[in-house]
Amino acid sequence: MSVEEELKEVKDLCEQCQNCPLGATRTNIVFSAGVPNSKLMLIGEAPGYYEDQQGEPFVGKAGQLLDKIFASVGLSRQENVYICNTLKCRPPNNRDPLPEEKEACRAFLDAQLEILKPRIILLCGKVALTSMLNTTSGITKVRGKWFEGPYGSRMMPIYHPSYLLRNDSTEKGSPKWQMWQDIKEVKRVYDEL
Ligand code: URA
């Protein structure tokens with residue numbers, strides 16, 4: 001079976017999923033976007049309103065900023081990035097995912113990781129960070145650092161674009177400036193692999 005066929009099987013299961021109460025309130029599952037590329041995968045938090053409506057991750061304002069961040073180093077979801085979320089269904093009113101929702105959804109993320117075996121995993125925001133790394137450190141402490149990930153991958157926590165939308169400054173040391181350093185480092189390693 002090809003990678004695409006394996007992912008399709010998991011997505012079909014996800015579409016039937018009622019493992020937590022979010023199954024009853026979702027409009028669509030939001031499984032992934034981008035290219036099933038084994039080099040670079042980004043894990044976000046959970047679908048918001050627009051993602052739930054369209055069935056695609058990162059299509060709202062935060063997603064547009066994310067696309068710009070990737071574009072600044074010549075990457076895009078059309079060509080070389082696979083994007084998914086920790087939760088595949090939208091929590092009502094965009095509240096933070098509950099531990100039991102993360103637990104119920106985990107098998108889908110694990111399957112995506114196992115099928116794709118990405119070389120680089122970007123943990124976008126604190127929900128992805130705490131799902132993938134056993135740490136009590138906040139994102140500001142660990143962003144931009146490399147950690148060992150599954151299947152021999154390297155993982156880097158990065159800021160969530162919605163945090164950057166709330167922090168306008170681009171001055172040296174600001175969150176946007178830090179993101180710029182981080183994405184350049186990601187591209188440097190990406191080009192080496
Ligand atoms: N924020 C996320 O973490 N994921 C999305 O898909 C959209 C917004």
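Counting starts at 1 for both ligands and their atoms, in listed order. When reading the values below, keep in mind they use all heavy atoms of this one structure, side chains included, and skip hydrogens, waters and symmetry mates. This is a predicted model, so every value here is computed, not measured.
Within the 4.5 Å cutoff, the side chain of Lys102 has heavy atoms near those of the Thr86 side chain.
For the pair Arg143 and Asp182, the salt-bridge criterion is met [side-chain N within less than 4.0 Å of a carboxylate O].
For the pair Lys88 and Phe108, the cation does not sit on the ring face, since its NZ or CZ is not both under 6.0 Å from the ring centre and inside 45° of the axis.
Closer than 4.0 angstrom to ligand 1 sit non-hydrogen atoms from Gly44, Glu45, Ala46, Glu51, Pro57, Phe58, Asn85, His160.
Atom CD of Glu51 and atom CG of Asn94 lie 8.0 Å apart (nearest 0.5 Å). Distance CD/Gln178 to CD1/Ile183: 14.0 Å, rounded to 0.5 Å.
In this structure, the side chain of Glu79 does not engage the main chain of Ser76 through any donor-acceptor pair within 3.5 Å.
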